[in-house]
Visitor: 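Before we start, here is the structure in question, set down as structure tokens.
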Amino acid sequence: MSTMVPIAPGAEPDSHATAIAAERRWAWVVVAIMALLVAMMVFTGLHWSAMPPSRVETVDVKTLHLKGEFVESNLGTSVGADGKVTVRLVGQQYSFQPQCIVVPAGIPVTFRGTSTDTIHGFVVGRTNANTMLIPAFVSTFTTTFPKAGEQLMPCHEYCGTGHEAMWARVQVLPAAEFMAKAKPGERLSCVPR
Ligand code: CUA
């Protein structure tokens, strides 16, 4: 940084001092950026520990395949009496259950998912349907798929040696076609190809 360079004839005599001043200004900028980042970490740490996210839902990993919301027969897409569309899914090393998910286009869909073993995650194609699946917690979000078509749904949290082979398919059907298939009390899914 401070290599002494002989002053070239005709150069500003204090160019070395100018360089040092510039270095010093930049050092202060870096210090300010680091101080800002540390302040943000402290603030968010205190803020979130004082105000944890609401609606934290837990589930017992040991019994989730035996009883409750995430038994195998309850996984897949359901349409409630109120018309609400809900997808329930489970991630496990190294697959999603169900392997093929059916959703309607243009209608809000609520995902509810969890994991039986380690942290998984998924994203549906290039949509904003994207979450982590964490053992003992229920992840939930609601989104609307704008257009029909088939999307890939890979696991996006490294979960072990089979991680890259862990994915499902999502069939987004036109709303009318979806509603024609959906029967009250039934769970929809599709056959993976
Ligand atoms: Cu499951 Cu990566």
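Just so you know, these numbers use all the heavy atoms, side chains as well, and skip hydrogens, waters and symmetry mates. First listed ligand is number 1; within each ligand, the first listed atom is number 1.
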Visitor: Sort by chain and number the protein N/O/S atoms that are closer than 2.8 Å to atom 2 (Cu) of ligand 1, and list them.
Guide: Cys155 SG, Glu157 O, Cys159 SG, His163 ND1
Visitor: Counting only N and O atoms by type, is there a donor-acceptor contact under 3.5 Å from the side chain of Tyr94 to the main-chain atoms of Ala165?
Guide: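 No, because the side chain of Tyr94 does not come within donor-acceptor range (under 3.5 Å) of the backbone of Ala165.
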Visitor: Going by the side-chain hydrogen bond (donor to acceptor under 3.5 Å, both in side chains) test, name the single residue among Thr131, Asn128, Thr110 that passes it with Thr143.
Guide: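 Answer to the side-chain hydrogen bond (donor to acceptor under 3.5 Å, both in side chains) test with Thr143 among Thr131, Asn128, Thr110: Asn128.
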Visitor: Sequence neighbours left out, what passes side chain to side chain contact (heavy atoms under 4.5 Å, CB included) with Arg24? Give chain and number order.
Guide: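 Result, side chain to side chain contact (heavy atoms under 4.5 Å, CB included) vs Arg24: Ile20, Trp28.
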Visitor: List the steps and the verdict of side-chain contact (heavy atoms from CB on, under 4.5 Å) for Thr127 and Gln151.
Guide: CA-CA 9 Å; Thr127 70; Gln151 308 266 6; 4.0 Å; yes
Visitor: Following the transitive rule for hydrophobic clusters with a side-chain heavy-atom cut-off under 4.5 Å over Ile, Leu, Val, Met, Phe, Trp and Tyr, establish whether Val123 and Leu133 coincide in one cluster.
Guide: no
Visitor: May I ask you to decide whether Arg112 forms a salt bridge with Glu57, counting only side-chain N to carboxylate O separations under 4.0 Å?
Guide: yes
